[in-house]
Structures are given as C-alpha cells and as structure tokens.
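The block underneath contains the structure these notes are about, expressed in structure tokens.
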Amino acid sequence: MAITIAALKEAPAEHRVSLVPSVVKRLVKQGCHVLIEKGAGAAANFADQQYEEAGAKVVDRDAALTQANLVTVVNRPDDGTLDQLKAGQVILGLLSLAVDHDVAKQLAEKQVTALSFELLPRTVSRAQSMDALSSQSSVAGYKAALVAADHFMRYFPMMITAAGTAKPAKVLVLGTGVAGLQAIGTAKRLGAIVSGYDVRPASRGEVESLGAKFLTSSVSAAGKGGYARQLTKEEQQQQQDELAGFIADSDIVITTARVPGKKPPMLVTAKSVEEAKPGSIFIDIAASDLGGNVAGSKPGEVVETANGAKIVGADNLPSDLATSSSEMYSKNVQAVIKALLNKEGNIEIDTTDDVMSELVATYQGEVISGRLRSQMGLPEIKQEEKEPAADDQQQAQK
C-alpha cells in the first residue's frame, strides 16, 4: 500500500517549505502519494501549479493532516496542529524536541512517531544526506557574510581608486563548523581579510584551506557529534579573555557557536562590545530565545550600541534564502523517507539502527532517542526493549 506524505505550510515568518516540486516528482515516481498544503511553497517561489505538475495534490491543512501517514515540516507546527495528529502518524522536521521536552512527552502519549532532525547522529557517514542542520547551516554562513557586508559602511575588499586606497575589512568568524567555514569562504570571496577562531584544534586545516588565518585557542574542547563540548566556567572565562583582543582588532565579527537544545556559549562579552570600534558589526547566528554568542543580541533584531556598533540577531538566515535552503532541506527529507520505506513501500521503523535510534524521538508511546532520554533524565532503553514487534511494523500505515 502506497503511503501518503503531506507537506504543511509554515508560519508566516518562515519562508522555507519542506518539500519542493523536484523532490515531490521523485517521491511520486517511487509510488508515494503527496499532498501539499495550499500555498506552502509560495514564499520560496514554488507555486501550487508546480506541485500539481509534479504529481502532488494541493489540499487544505485539515485534509493533509487527516489523510497523511507522514507529515513533513521545516519547523515544529503550532500546538493546534500537533493536537490534530493521530496515533500511528509520523512527523518529520526540525521539531526542537531537545529544547522542549514537554512536547516530546505529548507526542509520545499520542502514539505519534516524531523524527527530529536536531537529534540526527551527524558522525555516522550514511546520515550525511539526511543532515538538515548542516545543509541549513551552510546557507546561514553564506548569508551571514552578505548581511555583514550590507550593514558595514565600508568596502570589504581593498579598493585602489584615483581618490585613494580603501583598506580591506577585517572579518573574524567565531566557530568554524559548517556555518563558520561557509562564512569564511564567502567573506574571502568578497575580498576581506578573514580570521577563524575555534576551540577545536582540528579546524586549523579547514580554515587555512580557505585562505583565512586560524587563531589558536588555548582551550581545546573537541566534542562528539560534530560539536564542541560544553566548556567549564574557567575555560569559558579563559576563552573570553583571549577573544577580547581578537575582537577589538576586527571590523566584523560573525559568531556561529550553536548547540542544539542548549544555551549558546557567550563568546563576545558586553565589555568587548563596548570596546568595539565605531561602525563594527556583530552577526550572531546563534541568537535565540535561549540567548546568543554576543552580549545584547536579540533574535530577529538589529541592536545599535552607544559606541556606534551594530549587533544583528541573525536567528533564521536560511529563511532569507528560502528557495535554495528549501531545495537542500527537501533532499534531506527525501533521504530520511528513503531510509524509512521498506521494499513494499511501507514505513518501517528500525529502532535498533544506529541512525534511527537517535533520529526517531518518539515511537509507540515512548521517547526512544538515546540523546533525548539522557537530556530528560530517563533511563537508557535496553537493546531487547527496542526490538519492535512484528505486527507493529505497519502501525504508521493504519
């Protein structure tokens, strides 16, 4: 029996869509039925007609939620939409369950299977095609450099003109993961003098390969899952002290240190902001309701300081490049769907799989993601308890 996949329209402030027409076409070719909520792709320049031409059916939200076996979203939908989900349905997206444990409990109680991208084990090689955090971080890093250039009141490159020579901008990127490296590469292409700082010594080669200078940290904090580990209070203070001089010498600082489900580390202190040169720009990709990397940053806002600096709370840059980011995100969704479907084209959750055991947050009335259970203070599930019963494999199709 072919499954039905539905993509919902996001909240007004979010321009991305979880499925694009090109991916819909592939899913339909594989035998899936695809429903698209009316207007879901409009903000990303994908018209309803394009979806229909790809083989999807355009419907209202109630029809999408009623008929779908698998619901795809970018961000977690509102409570009203979650309440409409029924037992056996699957929802896939950036659900932020590592931040809001109560929602995870509610979905488990409703017998809804929830797959939350931030829980994906990023170090498993075959999970790379599913890695929505990386694909969207790449967009964010690229856009961060462009936003910085837009706010900066001077040239990025050195310009030699008849009226004189303009010095190149000095850009400092804090955190050299996917977003940081993309920001470094983009700032270099714009002609700036770029430096990258990270507490992971292994980042040196990647930074220098882009033509940037790697600023050595006296704090080594390489962690698991592609992230830096959380620093102790003493290490954080040491990091802030050494960063102060680097920041004071920079025109633009782009911060990218996000830790899913946790408060971002404070990299740029209030003192560093106060001592910044007039006209300095701080782009805080980690800005969120949990905090940010820059003191005083506010998500979605531009804060102007008394000394003439600007702090940009760049909390959702991928939404500003909605077409490209949606295309990338949709391919991540497609990769997960491919992994979920068995030979008969039905959804089959293998909770013993090293990827699904983490990506799948809730299943059959229980929180099963090892990382999420650890964060919630729940005991580890023994391997034999994860084995699904034979007659449970088709639950999502009912």
Side-chain angles (χ1 to χ4, degrees), residues 137 141 144-145 148 152 167-185 187-188 192-259 262-288 290-297 303 305 307-314:
S137 292
F152 193 51
K167 295 180 179 179
K170 291 184 178 180
V171 176
L172 171 62
V173 178
L174 304 182
T176 59
V178 175
L181 292 174
Q182 190 64 261
I184 288 171
K188 281 293 294 183
I193 297 174
V194 187
S195 299
Y197 173 95
D198 204 293
V199 291
R200 299 168 299 170
S203 299
R204 175 185 291 275
E206 295 173 310
V207 171
E208 293 179 344
S209 71
L210 293 171
K213 179 182 179 181
F214 183 73
L215 299 178
T216 304
S217 171
S218 60
V219 179
S220 177
K224 297 180 180 179
Y227 302 105
R229 65 172 174 80
Q230 191 167 6
L231 301 179
T232 65
K233 288 184 179 180
E234 293 75 16
E235 288 175 328
Q236 192 169 24
Q237 184 61 55
Q238 184 179 344
Q239 180 190 51
Q240 291 172 354
D241 290 343
E242 69 183 7
L243 276 174
F246 299 146
I247 294 168
D249 190 46
S250 302
D251 299 306
I252 294 165
V253 178
I254 299 174
T255 65
T256 69
R258 305 183 71 168
V259 183
K262 296 182 180 179
K263 183 178 180 179
M266 180 62 66
L267 302 180
V268 182
T269 63
K271 183 179 179 182
S272 290
V273 173
E274 291 171 2
E275 294 176 352
K277 294 180 289 188
S280 296
I281 306 296
F282 296 92
I283 308 293
D284 189 355
I285 292 179
S288 71
L290 294 175
N293 296 150
V294 182
S297 71
V303 177
T305 68
N307 58 324
K310 285 185 180 179
I311 306 171
V312 181

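Keep in mind that what you see is a predicted model, and the values were worked out from it rather than measured.
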Exercise. Applying side-chain contact (heavy atoms from CB on, under 4.5 Å) between V171 and each of I184, I252, I281, report the one that passes.
Key: I252
Practice problem: Run through I254, I247, T255 and flag the one making a side-chain contact (heavy atoms from CB on, under 4.5 Å) with F282. | Solution: I247
Exercise. Starting from the C-alpha separation in whole Å, work towards a yes-or-no answer on side chain to side chain contact (heavy atoms under 4.5 Å, CB included) for V207 and Y197.
Key: CA-CA 9 Å; V207 171; Y197 173 95; over 6 Å; no
Quiz prompt | Qualifying salt bridge (Lys or Arg N to Asp or Glu O under 4.0 Å) pairs with a residue from residues 243-257, counting only residues at least two apart or across chains | solution = R154-D251, K170-D249, D251-K277
Quiz item: So L210 and V194, side chain to side chain contact (heavy atoms under 4.5 Å, CB included) or not? Walk me through it.
Solution: CA-CA 9 Å; L210 293 171; V194 187; over 6 Å; no
Are [X] and [Y] close enough that some pair of their side-chain heavy atoms sits under 4.5 Å apart?
{"X": "L267", "Y": "V253", "value": "no"}
{"X": "P278", "Y": "N307", "value": "no"}
{"X": "K213", "Y": "I193", "value": "no"}

Test your reading of the model: is there a side-chain donor-acceptor pair from [X] to the backbone of [Y], 3.5 Å cut-off?
{"X": "D284", "Y": "V294", "result": "yes"}
{"X": "K188", "Y": "G211", "result": "yes"}
{"X": "T256", "Y": "G175", "result": "yes"}
{"X": "N293", "Y": "A287", "result": "no"}

Self-check item: Evaluation steps, side chain to side chain contact (heavy atoms under 4.5 Å, CB included), between L174 and V268
Solution: CA-CA 9 Å; L174 304 182; V268 182; 4.0 Å; yes
Do you know the tightest heavy-atom contact between [X] and [Y]?
{"X": "I283", "Y": "A314", "result": "CG2-CB, 4.0 Å"}
{"X": "P264", "Y": "G291", "result": "CG-O, 3.8 Å"}
{"X": "A295", "Y": "I311", "result": "O-CD1, 3.5 Å"}
{"X": "M266", "Y": "G292", "result": "CE-O, 4.0 Å"}
{"X": "R200", "Y": "F214", "result": "O-CZ, 4.1 Å"}
{"X": "F152", "Y": "A169", "result": "CE2-CB, 3.5 Å"}

Quiz prompt | Atom pair CG (L215) and CG (L243), whose distance is rounded to the nearest 0.5 Å | solution = 8.5 Å
Quiz prompt | Distance (rounded to the nearest 0.5 Å) between S297 OG and K310 NZ | solution = 16.0 Å
Quiz item: Passes side chain to side chain contact (heavy atoms under 4.5 Å, CB included), R204 versus T176? Steps please.
Solution: CA-CA 9 Å; R204 175 185 291 275; T176 59; over 6 Å; no
